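Fair warning: this is a prediction, and the values are worked out from it, not measured in the lab. Chain A is the first sequence line, chain B the second, and so forth, proteins listed ahead of strands; every chain is numbered from 1.
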Amino acid sequence: MAYWLMKSEPDEFSIDDLQQCKNKTETWDGIRNYQARNFLRDKVKLGDTVFFYHSSCKVPGIVGLATVSSEPYIDQSAFDQTSTYFDAKSSIDNPRWVAVDLTYKSKFKRIITLAELKADPNLAKMLLVSKGARLSVQPVTQQEFDYILSLE
DNA sequence: GCCAACGTTGGC
DNA sequence: GCCAACGTTGGC
């Protein structure tokens, strides 16, 4: 089983929103970055565990856990002209983007903030804190995962 | 809201 | 295939 960190803007979709979804599960779509897409398509597996990260907000950081609850599938929002995720270059014949389902697992008692993660020498090599890491889907190592869980 | 850092596009 | 211009992300 692999570990991931996925970013979401809480104004758009927060961990509380995920918890309140039907079956606590929602489509994780709208990824429009090739590197992130490649992870989703090629590496993310059903049953993987995900750090749910809040970005572009007052206190950015990891707020809880989710589980990948589907295999990757074609991101239909790319075909929807009314969607903000519409992409004219993705076609049904040649789909460009993928999505997975995420299921709520737990919410941390506190936010493990980006500032805290950045300041921690044990996490100096983590992708999230490395320069210009804008990836919205990124791998987390077993060591990083266990260590961050222990911070809660 | 600013802007640094990155990604993407498109002319050549 | 290079690279300048533009767009986006996301912390601050």
Side-chain angles (χ1 to χ4, degrees), chain A residues 2-21 26-44 48-68 70 72-141 143-145 147-152:
Chain A
Y3 302 99
W4 304 95
L5 181 142
M6 299 194 191
K7 297 180 180 177
S8 185
E9 301 188 14
D11 291 344
E12 297 289 326
F13 190 73
S14 72
I15 193 160
D16 296 320
D17 294 331
L18 181 61
Q19 187 180 16
Q20 282 157 28
C21 284
E26 183 60 294
T27 300
W28 193 262
D29 59 6
I31 297 295
R32 296 292 178 270
N33 167 284
Y34 288 107
Q35 241 186 311
R37 188 277 312 267
N38 291 346
F39 280 129
L40 272 190
R41 186 188 59 191
D42 304 331
K43 299 286 197 290
V44 174
D48 283 355
T49 300
V50 173
F51 278 140
F52 200 103
Y53 179 90
H54 282 176
S55 69
S56 296
C57 57
K58 242 180 181 174
V59 185
I62 300 170
V63 293
L65 295 177
T67 305
V68 176
S70 76
Y73 54 90
I74 294 166
D75 183 346
Q76 298 293 329
S77 69
F79 310 135
D80 177 1
Q81 290 199 31
T82 66
S83 169
T84 51
Y85 300 131
F86 175 69
D87 179 0
K89 289 172 182 166
S90 184
S91 67
I92 291 170
D93 289 341
N94 189 18
R96 181 177 282 199
W97 306 112
V98 299
V100 294
D101 287 347
L102 277 194
T103 300
Y104 172 89
K105 189 171 181 190
S106 65
K107 186 178 173 178
F108 292 160
K109 294 186 204 76
R110 65 182 190 91
I111 301 174
I112 299 174
T113 66
L114 177 62
E116 183 182 352
L117 298 171
K118 274 186 169 171
D120 195 321
N122 294 308
L123 296 172
K125 286 185 184 164
M126 192 180 179
L127 258 183
L128 183 73
V129 304
S130 58
K131 204 171 182 182
R134 303 189 313 185
L135 265 184
S136 54
V137 176
Q138 48 183 266
V140 173
T141 67
Q143 289 87 341
E144 288 162 354
F145 182 83
Y147 179 73
I148 289 168
L149 272 194
S150 78
L151 296 176
E152 188 200 356

Distances under 3.5 Å only, N/O to N/O: pair up the protein atoms with those of nucleotides 7-11 of chain B.
from   : atom 1 : to      : atom 2 : distance (Å)
dG7(B) : O4'    : R134(A) : NH2    : 3.2

According to side chain to side chain donor-acceptor pair (under 3.5 Å), who are the partners of T103(A), at least two apart in sequence or on a separate chain?
T25(A), S69(A)
For F52(A), which of W28(A), F108(A), W4(A) qualifies under ring-ring contact (aromatic ring centres under 6.0 Å, His included)?
W28(A)
Side chains of residues 88-97 of chain A: which donor-acceptor partners sit under 3.5 Å, not counting sequence neighbours?
from   : atom 1 : to     : atom 2 : distance (Å)
S90(A) : OG     : R96(A) : N      : 2.9
S91(A) : OG     : N94(A) : N      : 2.9
R96(A) : NH1    : Y34(A) : OH     : 2.9
W97(A) : NE1    : D87(A) : OD2    : 2.7

When you compare the side chains of R32(A) and S77(A), does any donor N or O come within less than 3.5 Å of an acceptor on the partner?
yes
By side chain to side chain donor-acceptor pair (under 3.5 Å), D80(A) pairs with (sequence neighbours left out) T82(A)
Between residues 119-129 of chain A and DNA chain C, which residues have a heavy-atom gap below 4.0 Å?
none
What pair of heavy atoms forms the shortest contact from I112(A) to E152(A), and how long is it?
CD1-N, 4.1 Å
Between I31(A) and V98(A), is any pair of side-chain heavy atoms under 4.5 Å apart?
no
Using a cut-off of 4.0 Å on non-hydrogen atoms, how would the nucleic acid contact of K58(A) be classed: base, sugar-phosphate, or nothing?
nothing
Using the test side chain to side chain donor-acceptor pair (under 3.5 Å), find all partners of N38(A) that sit at least two apart in sequence or belong to another chain.
R41(A)
E9(A) atom CD is separated from dC12(C) atom P, nearest whole Å, by 15 Å
